[in-house]
Peer 1: 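One structure, pasted below without further comment.
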Amino acid sequence: MASVGPPAASTQPALPSGPAVFKTIPYAFILPEILCGTWVWILVAATSVSFPLLQGWVMYVSLSSCLISLLLLVSYIFGFHKNSENWKVLDSLYHGATAILYMSAAVLQANATIRSESGPNSPLYYQLNSAASFFAFITTFLYILHAFSIYYQ
């Protein structure tokens with residue numbers, strides 16, 4: 001006769017909630033992603049946006065990624081995930097796709113930086129575009145780290 005015991009403990013670590021989000025890898029990457037992405041958006045907005053097609057995509061990616069990452073962070077803080085494994089899949093897919101989009105935005109911003117070197121008001125806009133490119137690549141790296149960290153967890 002088979003005995004019925006307590007369910008076996010899950011081998012997967014629990015998803016963090018509350019302040020533990022800021023102490024657990026890869027979820028601790030969300031706040032730096034938001035902050036660096038916000039800097040990209042602010043720095044591009046501070047330039048004259050001489051190349052609207054290039055920098056418009058950078059603005060779109062940085063702003064939408066910041067907002068969606070902020071919603072994800074709030075969801076983790078308030079525990080909306082209820083420790084569901086589907087959240088890990090959602091998190092990994094979102095951060096992987098966003099890393100690809102951010103890489104395209106970072107490359108386009110670097111192109112805009114090179115093109116702004118010889119334009120009007122070149123020293124100021126070149127410096128702003130350079131800083132935006134730097135933060136775009138840092139943000140891309142953070143999204144890649146987050147996506148792979150959750151995938152290999």
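The chain is numbered in sequence order, starting from 1. All figures in this text were calculated on a predicted structure; none of them were measured in a lab. No hydrogens, no waters, no symmetry mates; every other heavy atom, side chains included, goes into these values.
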Peer 1: Stepwise, does the side chain to side chain contact (heavy atoms under 4.5 Å, CB included) test hold for H95 with L145?
Peer 2: CA-CA 9 Å; H95 282 88; L145 278 177; over 6 Å; no

Peer 1: According to side-chain contact (heavy atoms from CB on, under 4.5 Å), who are the partners of S104, at least two apart in sequence or on a separate chain?
Peer 2: W57

Peer 1: Within the supplied structure, the quantity of interest is the number of heavy atoms (other residues, nucleotides, ligands) at a distance under 6.0 Å from F141 CZ; does it exceed 12?
Peer 2: no

Peer 1: Can you tell me if S62 uses its side chain to pair, donor with acceptor, with the backbone of M59 under 3.5 Å?
Peer 2: yes

Peer 1: If you measure from NE2 on H146 to CD1 on I25, what distance do you get to the nearest 0.5 Å?
Peer 2: 9.5 Å

Peer 1: Report whether F137 and W39 are members of the same hydrophobic cluster (ILVMFWY, side-chain heavy atoms less than 4.5 Å apart, transitive linking).
Peer 2: no

Peer 1: Please name the residue in the list L43, I42, L35 that meets the side-chain contact (heavy atoms from CB on, under 4.5 Å) test with F135.
Peer 2: L43

Peer 1: Under 3.5 Å, is there a donor on one side chain and an acceptor on the other for S133 and T113?
Peer 2: yes

Peer 1: Quick one: closest heavy-atom pair of T98 and S65, and the distance?
Peer 2: CG2-OG, 3.3 Å

Peer 1: Going by atom types alone, do Y94 and S69 pair a side-chain donor with an acceptor below 3.5 Å?
Peer 2: yes

Peer 1: Do you reckon L54 sits in the same ILVMFWY cluster as I114, going by side-chain contacts under 4.5 Å, direct or chained?
Peer 2: no

Peer 1: Is it the case that the side chain of D91 and the backbone of W87 share a donor-acceptor pair, with hydrogens and angles ignored and the cut-off at 3.5 Å?
Peer 2: no

Peer 1: Give, for atom CG of L101 and atom OG of S64, the distance between the pair rounded to the nearest 0.5 Å.
Peer 2: 7.5 Å

Peer 1: Would you call Q55 and T47 a side-chain contact if the rule is heavy atoms closer than 4.5 Å?
Peer 2: yes

